[in-house]
Amino acid sequence: MKIFSVLVLLLLLSSCNAPETKYISFNPGQEWLDNNGIHINAHGGGILFHNKKYYWYGEHKIAGEVGNTAQVGVHVYSSNDLYNWTDEGIALEVDESDSKSDIAKGCILERPKVIYNTKTKKFVMWFHLELKEHGYDAARSGVAVADNPTGPFVFIKSVRPNQGYWPLNVQEFHKRSVSDTIKNSYCGGLGCLPAHVDSLNILGRDYENGQMARDMNLFVDDDGKAYHLYSSEENSTLHIAELTDDYLSHSGRYARFFANRYMEAPAILKNSKGKYYIIASGCTGWAPNPARSASADNIFGPWTELGNPCIGQDSLTTFHSQSTYILNVQGKNDAFIFMADRWKPENPIDGRYVWLPVYFENDKIHLKWTDKWDLSVFND
Ligand code: DGJ
């Protein structure tokens with residue numbers, strides 16, 4: 001009888017710790033609770049699959065006006081099934097003791113992504129970094145490393161990528177000297193730019209000190225080479241840059257695409273036919289806009305734009321969201337999930353996640369809204 005009571009007690013106690021919600025589907029745009037019953041806090045995120053587990057890294061936001069600045073760091077969650085996520089804590093903490101640190105509390109630290117380097121056995125995180133109290137002027141990329149997927153990640157450095165390197169598809173006019181007129185003609189914000197950014201030669205302007213890098217993503221190809229995709233040249237042009245073998249620096253091999261298209265939030269996939277696809281957004285701050293898609297047979301192009309991949313109602317706002325990552329579902333062929341953020345700038349911590357399946361049709365990709373779905377869509 002005594003043993004029976006103890007067993008009942010243990011059962012009751014363990015059920016108190018059980019997740020309040022056990023998900024068996026994705027519910028785009030709804031609150032998404034972690035194992036503690038708290039809305040997942042991993043915005044602008046990305047996924048790493050390692051040793052049979054998924055890890056979701058993203059910006060830890062807080063409530064209120066300062067919520068979009070980095071007050072805490074990068075949050076990480078783990079999952080076996082993609083529906084239910086366990087809080088693994090803060091993978092990279094902002095620096096609270098040194099206000100001069102690149103990642104001082106109050107900096108802007110966006111769109112963190114993590115990849116695993118099989119040679120060095122390190123987990124490598126890259127993120128978009130803006131220095132504290134300098135708005136979005138710095139346009140830098142930060143890198144941090146860890147021995148474990150859940151961290152702690154140690155900040156190594158921040159850079160303006162590809163300093164002193166021309167892209168593979170540089171044009172002669174980029175190499176001409178950048179006159180003072182050109183240097184001074186950009187006055188910040190989109191309003192002051194002329195019809196085409198090439199006439200400003202922002203690439204040439206930044207050749208010596210490194211290229212601007214804001215919204216970003218990472219991609220590891222089948223041969224283990226890793227690439228950093230980032231919005232550059234005052235956000236006007238997307239750069240795709242190869243990383244060094246340890247993934248900690250840029251190799252100097254890069255190319256520029258979609259000049260003057262102002263693409264942000266780039267996300268990339270490669271399917272079993274060896275075709276690369278990019279989904280990105282336009283450039284309208286926190287407000288959603290129509291997504292763009294593009295494909296290529298080679299990561300260094302040529303890239304062909306394919307138009308808005310979204311179909312149906314709310315396709316012009318990407319279903320009220322903005323891309324952040326394309327997740328490759330393990331164990332299934334050509335199964336990809338488009339991950340996006342429904343930002344809430346007035347209360348960033350309440351930002352929602354929009355995850356939708358990617359459909360391939362005639363060498364194009366499509367996204368359709370669905371209120372509820374599960375991984376069985378990939379069985380067809
Ligand atoms: C849009 C970008 O995609 C976000 O990551 C963020 O930088 C906001 N702009 C800031 O307005």
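The structure displayed is predicted, hence computed values, not measured ones. Note that ligands are numbered from 1 as they come in the structure, with each ligand's atoms numbered from 1 the same way.
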Just by distance, no angles: are the side chains of Trp373 and Asp371 close enough, under 3.5 Å, to form a donor-acceptor pair? no

On a heavy-atom basis, the closest approach of His174 and Asn201 is O-ND2, 3.0 Å

Tell me, which residues have any heavy atom less than 4.0 Å from some atom of ligand 1? Glu110, Arg111, Tyr136, Asp215, Glu264, Gly285, Trp286, Gln322

Are more than 12 heavy atoms from other residues, nucleotides or ligands located less than 6.0 Å from atom CG of Asn362? no

About how many Å separate CD1 of Ile38 and CD of Glu31, when rounded to the nearest 0.5 Å? 10.5 Å

Would you say Asn117's side chain and Asp245's backbone share a donor-acceptor pair under 3.5 angstrom? yes

Which atom pairs, one a donor and one an acceptor, fall under 3.5 Å between side chains of residues 131-141 and the rest of the protein, sequence neighbours left out?
residue: Lys132; atom: NZ; partner: Lys105; partner atom: O; Å: 3.1
residue: His134; atom: ND1; partner: Lys132; partner atom: O; Å: 2.9
residue: Tyr136; atom: OH; partner: Glu110; partner atom: OE2; Å: 2.6
residue: Arg140; atom: NE; partner: Ser158; partner atom: OG; Å: 2.8
residue: Arg140; atom: NH2; partner: Ser158; partner atom: O; Å: 2.9

